[in-house]
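This report refers to the structure that appears directly beneath it.
These numbers come from a predicted model, not from an experiment. Chain A is the first sequence line, chain B the second, and so forth, proteins listed ahead of strands; every chain is numbered from 1.
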2 protein chains.
Amino acid sequence: MGRPSVEQQPAAGAGDAASVTTGDLCRSILARHRDTVSVRNPELAVPRLQRILEAALDLSNSGGFQAMSLRDLSRASGLSTGGLYAYFDSKTTLLKMILVEVTDVVERVLSDPPETVTTDPVAHLRWMIDAHLALTENLLPWFTFAFMEAKNFPPAERRIAIDSEELTERLFGEVIARGVETGCFRADASPLLPALIKPLLQDWYVKRAKYRRRNVTRETYSATVQEVVLAACLAEEGERPTGPGARAG
Amino acid sequence: MGRPSVEQQPAAGAGDAASVTTGDLCRSILARHRDTVSVRNPELAVPRLQRILEAALDLSNSGGFQAMSLRDLSRASGLSTGGLYAYFDSKTTLLKMILVEVTDVVERVLSDPPETVTTDPVAHLRWMIDAHLALTENLLPWFTFAFMEAKNFPPAERRIAIDSEELTERLFGEVIARGVETGCFRADASPLLPALIKPLLQDWYVKRAKYRRRNVTRETYSATVQEVVLAACLAEEGERPTGPGARAG
DNA sequence: GCCTATCTATCGAACGCTCGTTAGATTTTT
DNA sequence: AAAAATCTAACGAGCGTTCGATAGATAGGC
């Protein structure tokens, strides 16, 4: 425990998705909630908070946040039920700590592409898909929590999750729009396409167990999504399917 | 009340996705759980069960199944808390009633394509996409419940949801495989493609509020998904994106 | 036609238990 | 010894579920 607590910086300011760790997020959370966490010594607070949050994510992701009791969390984190309240002032605050941190790191990473890809829409789109997948893989329990639980959050917290999702969608939309402008994407690309990319990216962590069972690597998944998206952006008029086709009902 | 209760048939045996109603599902549920529902008169039981289930879906879909108390359900359905137990013997049974019925109707509809589409893989694929979207649109709260809540279900019930999903994926896989055999789909179509169709279809009901707000019709959404999927199945070698592309981290 | 016995469907109070949260005592660190 | 961090014990509220009571319909005997 001897290490002095210098570099208490915002954590992971760079766009390097794969480098963001749980510890980074915990330090950032502590800085953000300095007033609700009553433990003043960061040498104590950071590792304790990390144990609490890791246990909270683990319990929430199997059974739901509602179903996780603070007694469960106490047992899993090693602190007493009362002791937990030194790190958050209500169960909802605990939820918000995680949620805000996740949405924030998505924005930080995706808004900061390396200069090498910004000139080419195809490379930029590939990078965004890969960066998103890398980030979610790295912080899997955080994303599972933030976006699978969101539906059951109180209205204010649900708003945060929805806004984050729309920001991501907008970032994809902007890249595609630039590709259309510069002529490398077809002009009549569906305006729905940015919305459809999101579920493809989410499936990687939502159905993570399935893909692990099938030995699908992130590289394979990423390449496949890139292909599907680019096929929809690049395809020539001539070979597009004709007409709306068969309907049910 | 005066109507005699004839046609108590399995309900919606045909593959006509758009014609399946909540009432159909309730009659089917009653037939399936004849031993756990203690109310013997169907003239009473069907409408009561429908009120109970509609209220249960409504409450569960805003706040989660766990968070819905039977006192909430009692208030919303008009029966007393004790009275509810004439229609199910535990809260988990109530969950199972809905879940099994949803997974069953998906299988019934998607496994029964009209003869007009079975000969042409492109038409078949279009039909499956459209039929799935039509079905989920029609029974929106049922699907929201079955597949958004599934993560927090007890193991046995979660298994049901996962199996249903894999069945759907397999049905898509078979159509694509037939298309490859007959030569109208490219031979090197990604084996991941069937898995990626599912999240595209799910987004239609998971993010339903978003698409409604943007005035996206089912026809538009369906056509877009069909285009994206077929672009990935049909695209020629020549214009496929080259190599795995940029990586993050 | 009426009284009685039986059955069906529903009610609402009560049970044992767990929940999130708090306050005061206790331990650990400085 | 003072301060910081944590623990223990308790509170009221709410949970899923049970169960005896009951209103209304139904059927049979006279």
Side-chain angles (χ1 to χ4, degrees), chain A residues 1-5 30 33-52 55-56 59-60 63-98 149 152-154 157, chain B residues 1-2 5 26 30 33-52 55-56 59-60 63-97 149 152-154 157:
Chain A
M1 297 256 172
R3 264 195 298 130
S5 68
L30 203 58
H33 294 87
R34 211 181 288 277
D35 45 343
T36 63
V37 179
S38 79
V39 180
R40 299 255 62 88
N41 179 0
E43 300 288 333
L44 278 173
V46 170
R48 289 271 199 288
L49 189 63
Q50 183 159 348
R51 288 201 60 172
I52 293 170
L59 290 167
S60 289
F65 180 74
Q66 289 261 13
M68 174 194 74
S69 77
L70 294 187
R71 285 161 182 83
D72 294 338
L73 184 57
S74 157
R75 215 170 300 120
S77 67
L79 267 75
S80 64
T81 50
L84 290 174
Y85 277 76
Y87 293 88
F88 49 80
D89 54 18
S90 79
K91 204 184 171 192
T92 301
T93 298
L94 173 63
L95 188 165
K96 206 176 329 195
M97 281 178 167
I98 301 173
E149 287 293 314
N152 303 335
F153 289 166
E157 282 69 30
Chain B
M1 294 273 169
S5 67
C26 288
L30 203 58
H33 294 85
R34 211 181 288 277
D35 45 344
T36 62
V37 178
S38 79
V39 180
R40 300 255 63 88
N41 179 1
E43 300 288 332
L44 278 173
V46 170
R48 289 272 200 286
L49 190 63
Q50 183 159 347
R51 288 202 60 173
I52 292 171
L59 290 167
S60 290
F65 181 74
Q66 290 260 14
M68 174 194 74
S69 77
L70 294 188
R71 285 161 182 83
D72 294 337
L73 184 58
S74 156
R75 215 171 299 120
S77 67
L79 267 76
S80 64
T81 50
L84 290 175
Y85 277 75
Y87 293 89
F88 49 81
D89 53 20
S90 78
K91 204 185 171 192
T92 301
T93 299
L94 173 63
L95 189 166
K96 207 175 330 193
M97 280 178 167
E149 288 292 314
N152 304 335
F153 288 166
E157 282 69 31

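- In the interface, the side chain of B:R71 is paired with the base of D:dG16 through a donor and an acceptor atom under 3.5 Å apart.
- Put simply, CZ on B:F88 and CG on B:L94 are 5.0 Å apart, with the number rounded to the nearest 0.5 Å.
- In this structure, B:R75 places its CZ atom 13 Å from C1' of D:dC15, rounding to the nearest Å.
- The CG atom of B:D72 sits 16 Å away from the C1' atom of D:dT17 (whole-angstrom rounding).
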Worksheet item: Can A:V39 and A:R48 be said to form a side chain to side chain contact (heavy atoms under 4.5 Å, CB included), step by step?
Response: CA-CA 10 Å; A:V39 180; A:R48 289 271 199 288; over 6 Å; no

Item to complete: Would you check, one step at a time, whether the test side chain to side chain contact (heavy atoms under 4.5 Å, CB included) holds for B:N152 with A:Q66?
Response: CA-CA 10 Å; B:N152 304 335; A:Q66 289 261 13; over 6 Å; no

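- For the pair A:K91 and A:F65, the distance from NZ or CZ to the six-membered ring centre is under 6.0 Å and the angle to the ring normal is within 45 degrees.
- Atom P of nucleotide D:dT18 and atom OH of B:Y85 are separated by 6 Å, given to the nearest angstrom.
- Counting to the nearest Å, the P atom of D:dG14 and the NZ atom of B:K91 are 15 Å from each other.
- When all heavy atoms are compared, the tightest approach of B:L49 to B:C26 is CD2-O, 3.8 Å.
- Atom CD in A:E43 sits roughly 15 Å away from atom C1' in D:dA4 (whole-Å rounding).
- When the C1' atom of D:dT6 is taken as reference, atom CZ of A:R51 falls 14 Å away, rounded to whole Å.
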Restricting to nitrogen or oxygen on both sides, can you table the protein-nucleotides 8-13 of chain C pairs closer than 3.5 Å?
| unit_1 | atom_1 | unit_2 | atom_2 | d |
| --- | --- | --- | --- | --- |
| C:dA9 | OP1 | B:R40 | N | 3.2 |
| C:dA9 | OP1 | B:N41 | N | 3.0 |
| C:dA9 | OP2 | B:S38 | O | 3.4 |
| C:dA9 | OP2 | B:R40 | N | 3.0 |
| C:dT10 | OP1 | B:R48 | NE | 2.4 |
| C:dT10 | OP1 | B:R48 | NH2 | 3.0 |
| C:dT10 | OP2 | B:Y87 | OH | 2.9 |
| C:dC11 | OP2 | B:S80 | N | 2.6 |
| C:dC11 | OP2 | B:S80 | OG | 3.1 |

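- Between B:M68 atom CE and D:dG14 atom C1' the separation is 15 Å, expressed in whole Å.
- Side-chain atoms of A:M97 and A:V37, non-hydrogen and from C-beta on, do get closer than 4.5 Å to each other.
- The interatomic distance linking A:L70 (CG) with D:dC7 (P) rounds to 14 Å, in whole Å.
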